[in-house]
Protein chains: 2
Amino acid sequence: MPANRRPVDREAKREEIVRAAAAQFLEVGFDETSMARLSAAAGVTTNTVYWYFEDKDALLVAVLDQLLADALLQREQVADRPWTEQVLWAVDRLERMRRLVAVVHARAATSPAVGAWHERFHALADDLLADGFRDAGAAEEDLAARTRVGVFVLEGLLTHPQPEQERRAVVELLTAGLHR
Amino acid sequence: MPANRRPVDREAKREEIVRAAAAQFLEVGFDETSMARLSAAAGVTTNTVYWYFEDKDALLVAVLDQLLADALLQREQVADRPWTEQVLWAVDRLERMRRLVAVVHARAATSPAVGAWHERFHALADDLLADGFRDAGAAEEDLAARTRVGVFVLEGLLTHPQPEQERRAVVELLTAGLHR
DNA sequence: ACCTGAACACCGTTCAAGT
DNA sequence: ACCTGAACACCGTTCAAGT
């Protein structure tokens, strides 16, 4: 068989496992999903998963990367809406990942791989939010603090779901005094 | 033996277990502390712990209650400082509990006992913060949103430690425009 | 290179038996 | 009422063996 055919299959199978893992992690929970259950859902044996991923944390990181890539792709479609609306859209979109936010925070303390992903994610979130606040007319001198508060509030809204109205009030307080 | 003597011993032993568990959970981590390790640290057998606590989550709740009671007691000593300073003090004080914040969020989704504790905690935090903001002169109409943002930022500062300077900038942005 | 059956050490929890 | 020794089912992970 040609040497350049295998990698395609490999990628496809890897993605199947990630997709199955994502579904289980989001619906059942990370701790609650055993490798046995996950493997069965993906249609492979337990140890096959270990051929593709070093351990359960590595699989978690792969799932996070996939979910994040999806979210960033969809974000482009709302890039021209007002800033407040964009933030609310992001909260809505990310709420599906709620259970995983807590898991990432808990595992980051133990697993270097998850810890590294967590840092990368916050660097990205900081950049996106800072750009947004700058465009919306935030003063350069309190941009950093405003961004940090923004990230914290976003995470808070994710992990402690609020009724639509309260959610909007919180985000509007965040963007108060900005010209768009 | 008198019927009113046992309860004292019982309380004492229970507290020993909670104290040992708190130390392990904070230093080693909740997931990383096995019931075997924990029992050994408390000087009892594994199943003895199950005589005092229904399961590991119930033990976690007991640990949380104890840490919270300690924190509330110490809080009284700073009750007359300016509001910004009080918030900074709280962040400093609560940072020891950092690892447990993520654990509570993760377990709350699965364990009703931890979920209930989490709700009770937020009701308390909301009350304390709302009182503080009101006293500091926040407008009544955006008190709710400001409180919510305050809680989220507090949690964010706990789980994502910042250098002293950034931390202060964030808290000052929160209390901006208030008269003390 | 990829996959498996069978085992590994360990986990939280339970139970029958003791005092 | 309190505590234990011994077991339970299950967990994430590994390894020798197959193709």
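Taking atom CG on Leu38(B) and atom P on dT13(C), their separation rounds to 11 Å, with Å as the unit. Rounded to whole Å, atom P of dC15(C) lies 14 Å from atom CG of Asp55(B). One can place CG of Leu59(B) at 16 Å from P of dC11(C), the figure rounded to the nearest angstrom. Per the geometry, CD belonging to Glu32(A) stands 11 Å off P belonging to dC11(D), to the nearest Å. Remark: C1' of dA9(D) and CZ of Arg37(A) are 16 Å apart, rounded to the nearest angstrom. Arg14(A) has its CZ atom 17 Å from the P atom of dA1(C), to the nearest Å. Rounding to whole angstrom units, CG of residue Asp31(B) and P of dC10(C) are separated by 17 Å. We find that CZ of Phe53(B) is positioned 18 Å from C1' of dT14(C), with the value rounded to whole Å.
Here the nucleotide nearest the side chain of Tyr50(B), chosen from dG12(C), dT4(C), dT4(D), is dG12(C). Considering only the side chain of Trp51(A), dA1(C) comes nearest among dG12(D), dT4(D), dA1(C). Closest contact between the side chain of Met35(B) and the listed nucleotides dC11(D), dT4(C), dT13(C) involves dT13(C).
For dC3(D), one of the phosphate oxygens OP1 or OP2 lies less than 4.0 angstrom from a side-chain nitrogen or oxygen of Lys13(B). Residue Arg10(B) places none of its side-chain N or O atoms closer than 4.0 Å to OP1 or OP2 of dA1(D). Between Thr45(B) and the phosphate of dC3(D), there is no side-chain N or O to OP1/OP2 separation shorter than 4.0 Å. In this model, the phosphate group of dT4(C) is approached by a side-chain N or O of Thr48(A) to a distance below 4.0 Å at OP1 or OP2.
Salt-bridge formation is not detected for the pair Arg146(B)/Glu140(B): no Lys NZ or Arg NE/NH1/NH2 atom is positioned less than 4.0 Å from an Asp or Glu carboxylate oxygen. Glu32(B) and Arg107(A) are joined by a salt bridge, as a carboxylate oxygen and a charged side-chain nitrogen come within less than 4.0 angstrom of each other. Of the charged side-chain nitrogens involved, at least one lies within less than 4.0 Å of a carboxylate oxygen, so that Glu85(B) and Arg168(B) count as a salt-bridged pair.
Thr33(A) comes within 4.0 angstrom of the backbone, heavy atoms only, and of no base. Nucleic acid contact for Tyr52(B): sugar-phosphate only, since backbone atoms but no base atoms lie under 4.0 Å from a heavy atom of the residue.
For the 3.5 Å distance criterion, the side chains of His122(B) and His160(A) qualify, holding a donor opposite an acceptor.
Base pairing analysis places dA1(C) opposite dT19(D); the two distances defining the Watson-Crick or G-U wobble pair are each below 3.5 Å. When both distances must be under 3.5 Å, the Watson-Crick or G-U wobble mate of dA9(C) does not exist.
Partner of Leu100(A) under the side-chain contact (heavy atoms from CB on, under 4.5 Å) criterion, out of Leu94(A), Leu60(A), Leu158(A): Leu60(A) alone.
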